[in-house]
Enquirer: 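Below is a structure I'd like to ask you about.
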Amino acid sequence: MDVLAELNPAQREAAEAIGGPVLILAGPGSGKTRVIAHRVAYLITVCRISPHRIMAVTFTNKAAREMEERLHRLIGGVVGDLTIGTFHAICARILRRDGKAIGIDPRFVIYDEEDQLSLLKRGIQEVGLDPKQYVPRAIASAITAAKSRTLTPQDYIQHTRSYFEEVAGRVYERYQQLLAESNALDFDDLLMKTVQLFRNSPETLSKYQSRYLHILVDEFQDTNLVQYELIKQLGGERHNICVVGDPDQSIYSWRFADLRNILSFEKDYPEAKLVLLEQNYRSTKLILETASHVISANQLRKPKELWTNNEQGELTNVVETYTEQEEAQFVVSEVERLVEQGKARLGDCAVMYRTNAQSRALEEAFIRYGTPYKLVAGTRFYERREVKDIIAYLRVIQNPHDSVSLLRIINVPGRGIGQRSLSELSGWAKSLGISQYEALQLITEPKEGEERQHPFTPRLVKALTSFVSLMEEFTTRSQELNLLDLFDLVIKRTGYKEYILSGKDDEERWDNILELRTVAREYRDLKPPEGLAAFLEGVTLVSDVDGLDETVDAATLVTLHQAKGLEFPMVFIVGMEEGILPHFKSFAEPEQMEEERRLCYVGITRAKQRVYLIHAFRRSLMGSSTANRPSRFLEDIPQHLIASGGLWQWEDSQVMPSIYSRDKAPAPRVASSELKAGDHVRHAQFGDGVVVSCQPAKDDKEVVVAFTSGVGVKKLLLSFAKLEKVE
């Protein structure tokens with residue numbers, strides 16, 4: 001079988017370029033996942049490279065699953081011998097196997113963002129500062145920036161340039177100490193510690209360099225400096241590194257992704273072969289033309305000419321509404337119209353926005369209309385309180401020194417151990433230089449001759465002793481039971497089911513526990529305690545998009561950042577206004593403005609058949625109400641690509657937005673000079689009303705009308721309202 005038979009000439013060229021470094025610039029929808037999969041299959045079946053010696057790095061778990069599925073179809077069962085996964089997942093495996101060379105216990109737990117912020121708050125307090133004044137999230141960002149450059153606390157402190165950085169350095173140092181006491185690593189540590197392992201243990205690096213003959217990296221434009229160094233380390237002297245990416249889709253600088261990694265790849269590897277994937281299989285010709293005009297204004301890019309054999313398609317719909325509520329109403333009504341006319345399913349439609357706060361008006365409209373929707377990155381399943389509780393129990397079973405998880409569950413369900421007692425426990429443990437679990441053991445099981453004075457009452461000692469006994473029972477049984485049986489034991493012995501079913505939203509919360517049990521079932525065939533470790537690693541490294549259920553027939557609400565890697569027949573991008581997209585924080589920084597343009601480009605190129613770009617004249621967001629100009633990115637789209645003429649209208653709507661047009665707008669039914677407060681007017685939908693005010697608004701007039709038909713007071717743009725004056 002020719003494993004490259006399905007590929008076009010450029011894709012085939014990319015798959016066959018085996019020796020040395022290769023840079024594949026892959027436009028959106030150009031089949032890059034297919035190319036990587038077929039390249040791996042080619043290495044195995046034609047070049048006779050052992051799967052054990054190939055590493056493929058993806059940006060998300062979802063992409064890793066798709067890669068494995070493709071490879072299963074191509075080469076069957078040998079896929080299990082490949083190393084496929086995200087940077088974080090692969091680094092976690094390396095550290096569990098070899099991290100002891102730099103003092104990392106293989107039983108470490110991985111702290112997610114919530115755990116990290118909890119520990120940072122404690123760290124801020126322990127260096128004598130107030131978490132209300134020094135916000136943990138801001139400190140976390142500074143620490144992530146440091147770790148993305150592999151800076152230790154000592155390195156960071158030596159290069160501080162401001163008082164905030166000096167504070168961040170002190171907290172960073174204490175935070176790392178607390179992580180070590182808990183035998184925990186955060187997401188950034190997984191990367192930085194692996195690089196440090198390879199720097200400090202040449203024999204370990206040599207082992208991995210010898211193993212991996214070929215390394216493939218997807219979404220290379222989104223790598224940061226530490227990820228770039230990691231790939232460079234593993235590539236060794238062979239330089240058999242194949243990177244796939246697109247500078248035009250680099251949108252994660254806020255995560256410290258460095259666009260220079262892909263733009264400078266050919267400088268770092270002068271012998272690199274460059275392959276352009278320009279044929280698009282996703283979008284219509286007109287969608288590609290629209291996207292190309294938007295992105296062409298950027299300077300930091302490698303030009304390419306996207307093309308497709310797909311149909312011509314429809315013009316881009318650029319729609320103006322008056323407020324964000326009307327914007328949301330338009331979206332829901334248009335989604336329903338497309339479904340009723342058989343042009344789309346609900347699941348074919350995605351609504352994308354720049355900031356999470358924009359989802360509120362959209363959710364309210366979907367709920368009001370009774371239209372099913374799914375929100376990507378609402379409260380993530382693994383961040384729900386009851387799910388976090390059970391995971392915390394399992395984490396303490398695996399690693400009793402995990403202080404964040406220990407403090408979470410020590411009084412859940414209630415055991416009479418209050419917050420004051422927990423603070424005293426933390427302080428006492430710190431004074432002894434031991435972990436909190438070790439302090440508990442000293443309190444509940446003091447060794448002969450080692451009794452120590454502690455600040456706890458006999459009643460509290462009894463409660464703490466009961467908890468320690470329970471956890472030691474779980475730890476012992478975890479060596480004997482598979483994960484599913486251990487899960488059930490924890491639920492039963494803690495009384496967690498009764499605790500959940502006695503509270504608010506009890507049935508829904510218990511359903512979440514049962515869903516977590518379904519996840520645990522997938523690990524029951526692994527022998528103990530391997531199943532527990534694999535489960536905890538899997539649930540910690542899952543991302544928002546990984547949990548997106550594409551089988552549910554509901555419209556998808558998603559930020560533009562999270563939409564990366566997804567595709568939908570119908571795409572609605574809302575908030576196409578100055579200050580929203582592009583975001584106001586980008587106005588003073590040309591490089592940030594270019595990233596905003598790339599974000600818009602990514603959104604447009606998610607669409608297969610139809611694109612709607614929607615902006616509101618007035619928007620209330622995060623406590624303020626402003627009138628914003630349409631986004632400058634709309635000005636980049638030539639008029640011949642924009643649908644124009646006529647009004648968007650639908651039944652039972654309170655909105656009549658127009659198709660955006662630079663040189664054409666609906667003529668007003670009443671001249672502005674003819675209307676004043678007190679005039680009686682008639683609206684085709686709202687009926688009769690009285691003008692409250694008529695004020696200038698941009699290049700139009702804002703008319704406030706009190707309607708007598710029960711719909712209340714409405715603010716309307718005169719040029720779109722088609723008001724008729726009534727004597």
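What you see is a predicted model, and the numbers here were worked out from it, not measured in a lab.
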Enquirer: Parallel, tilted or perpendicular: which fits the ring planes of Tyr252 and Phe59, with parallel below 30° and perpendicular above 60°?
Expert: tilted

Enquirer: Can you measure from CG (Leu117) to CD1 (Ile124) and round to the nearest 0.5 angstrom?
Expert: 9.0 Å

Enquirer: Salt-bridge test for Arg70 and Glu66: reply yes if a basic N is under 4.0 Å from a carboxylate O, no otherwise.
Expert: no

Enquirer: Determine, stepwise, if the pair Thr150 / Gln196 fulfils side chain to side chain donor-acceptor pair (under 3.5 Å).
Expert: CA-CA 8 Å; Thr150 65; Gln196 290 176 341; over 6 Å; no

Enquirer: Does Arg149 pair with Asp258 as a salt bridge, N-O distance under 4.0 Å?
Expert: no

Enquirer: For Arg211, I'd like to know if atom CZ has over 12 heavy atoms of other residues, nucleotides or ligands within 6.0 Å.
Expert: yes

Enquirer: Among Asp186, Leu191, Val195, which residue satisfies the side-chain contact (heavy atoms from CB on, under 4.5 Å) criterion with Lys147?
Expert: Asp186

Enquirer: Indicate whether any N or O donor in one side chain lies under 3.5 Å from an N or O acceptor in the other, for Thr152 and Asp155.
Expert: yes

Enquirer: Check Asn399 against Arg107 and note the closest heavy-atom contact, atom names and distance.
Expert: CB-O, 3.8 Å

Enquirer: Sequence neighbours excluded, which residues qualify as ring pair (Phe, Tyr, Trp, His ring centres under 6.0 Å) partners of Tyr212?
Expert: none

Enquirer: Could you grab the distance from atom CD1 of Ile110 to atom CD of Glu537, nearest 0.5 Å is fine?
Expert: 4.5 Å

Enquirer: With a cut-off of 6.0 Å (strictly less than), are more than 12 heavy atoms of other residues, nucleotides or ligands near NE2 of His159?
Expert: no

Enquirer: Working to the nearest 0.5 Å, report the span between CG of Asp189 and OH of Tyr111.
Expert: 11.5 Å

